[in-house]
Protein chains: 2
Amino acid sequence: MAPRVSEEHLRQRRADLLKAAVAVFMERGYERTTMKHVMEAAGVSRGGLYQYFANKEDLFEAVLEERLEDSAEETDRMLEEASSYWNLLLKVMFGGETVPDAEMDPLAASSLEFFITGRNDERRRIYGEKRYDLGLSIYRKVIEAGQASGEFSDYYEGELVARSIVTFFDGLALDHAILPEEKVRVKDQSEMLVDYLKLALGVSSS
Amino acid sequence: MAPRVSEEHLRQRRADLLKAAVAVFMERGYERTTMKHVMEAAGVSRGGLYQYFANKEDLFEAVLEERLEDSAEETDRMLEEASSYWNLLLKVMFGGETVPDAEMDPLAASSLEFFITGRNDERRRIYGEKRYDLGLSIYRKVIEAGQASGEFSDYYEGELVARSIVTFFDGLALDHAILPEEKVRVKDQSEMLVDYLKLALGVSSS
DNA sequence: GTTTATAACGACACAAGTGTCGTTTTGTTA
DNA sequence: TAACAAAACGACACTTGTGTCGTTATAAAC
């Protein structure tokens, strides 16, 4: 269906493969999916898939990369329409809404799997760190900006507060991946986190 | 080295296999270790290992089980010498010491791996839940007892506070597994958690 | 409409791990 | 010390997943 390139068709096919891959990774997780699963989901031959991605790791990283771009744009957009740093922080934490809900990224579990099983692999560890830093920096910037403006207390080091948010969300994602919905109580726990942040950052209750 | 049983030698051999297995799992993680690795570490043949454990999953569960027994005894011991519920809570959280340190269970990462990669497997998920509940119940009991005695505020539901502790520690374990020591700041983050619990449980600073 | 570069295909060879099972070895018992 | 039950052994057959590569089909260029 495509000899001698055509640029757009190449991009399209790659996008189709990624889309199929995302669905499979969500369904089966990282370790348990094989290239064959993706091939079948995408309706593509072995060679067809390997033409675009050298192996499963490469494929998964491409998936992560794609989704990171999406969320980066979203964050930029939110940075502009922020009315206060506290509000902005809530938006960044809960994605648009300023109120915690029970939604979690359906690919989060597979990502955790990807990084934790690869923790002894040099390449993957470095990549994991990069991603962690990126996620952290979003929170850190908002908090430090809020502290600089005087809206937030600087009793705690901004970076440390940011790390705690990330840690807590990581734990939430982990428990959410393993436990049934009703046990994790994502919403309740998120609300507690918000209460805590109010105290830690000296924000008077809204 | 052992025909027609002898009871003690059987137990001993099993213990030796488990010891070797723990070392390997710590070193390599769950997914990346094979039965062969354990065989070599224990200096035992293939058949010798399979005589005691039906497969890797069975082996790892045996490892977990063994360590759970150890810590259960430790917890019981601590329950008796508790001077206050707050103190007891700290001891349970940080294992004997009432001050957070940067130590983490060296098998924690492999456990996370075990449960997260097996999250789509019925059997393993049930087992994971059981373990989670067990860990949770320790915190829940201490907190609810403290609330009943009036030492702790009951502004937050005790179980929810307990869940938050577990979630936070899970996140910490996860980040610790993936990131280099200096980035996670286990000690600093633990201290923040303690500050938070003081507020949430209405404990005046010691 | 012919040519051509190459995307897509799928059979294949290879590697890694698993669990089994017939054989060997060795405590234990009589 | 002879006989035995079973612990320990390790070769083997099997399964699963991977990445490659020669072949085939086709969109674009002429």
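Computed from a predicted model, the values in this text were never measured in an experiment.
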For a quick test of reading the model: is some side-chain N or O of Tyr50(A) closer than 4.0 Å to OP1 or OP2 of dC21(D)?
no
Less than 4.0 angstrom between a side-chain N/O of Arg13(A) and OP1 or OP2 of dA8(C), yes or no?
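Answer is yes, contact under 4.0 Å.
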Once you round it to whole Å, what is the distance between [atom2] of [N] and [atom1] of [X]?
X: Gln51(A); N: dT24(D); atom1: CD; atom2: P; result: 18 Å
X: His9(A); N: dA28(D); atom1: NE2; atom2: P; result: 6 Å
X: Met35(A); N: dG17(D); atom1: CE; atom2: P; result: 13 Å
X: Leu49(A); N: dT18(D); atom1: CG; atom2: C1'; result: 12 Å
X: Gln12(A); N: dA27(D); atom1: CD; atom2: P; result: 16 Å

How is Phe53(A) classified with respect to the nucleic acid when contacts are heavy atoms under 4.0 Å: base, sugar-phosphate, or nothing?
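It contacts nothing in the nucleic acid.
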Candidates [options] - which lies nearest the side chain of [X]:
X: Thr34(A); options: dT18(D), dC9(D), dA8(D); value: dT18(D)
X: Arg46(A); options: dG19(C), dA8(D), dT20(D); value: dT20(D)
X: Ser45(B); options: dA11(C), dA8(D), dG17(D); value: dA8(D)

Taking [X] first and then [Y], would you say they form a salt bridge - that is, a charged N and a carboxylate O separated by under 4.0 Å?
X: Asp188(B); Y: Arg163(A); answer: no
X: Glu122(B); Y: Arg125(B); answer: yes
X: Lys183(A); Y: Asp175(A); answer: no

Side-chain heavy atoms of Ser111(B) within contact of Tyr30(B), under 4.5 Å:
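No, their side chains stay 4.5 Å or more apart.
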Sorted by position of nearest nucleotide on DNA chain D, 5' first, the leading residue of Gly47(A) and Thr33(A) is Thr33(A)
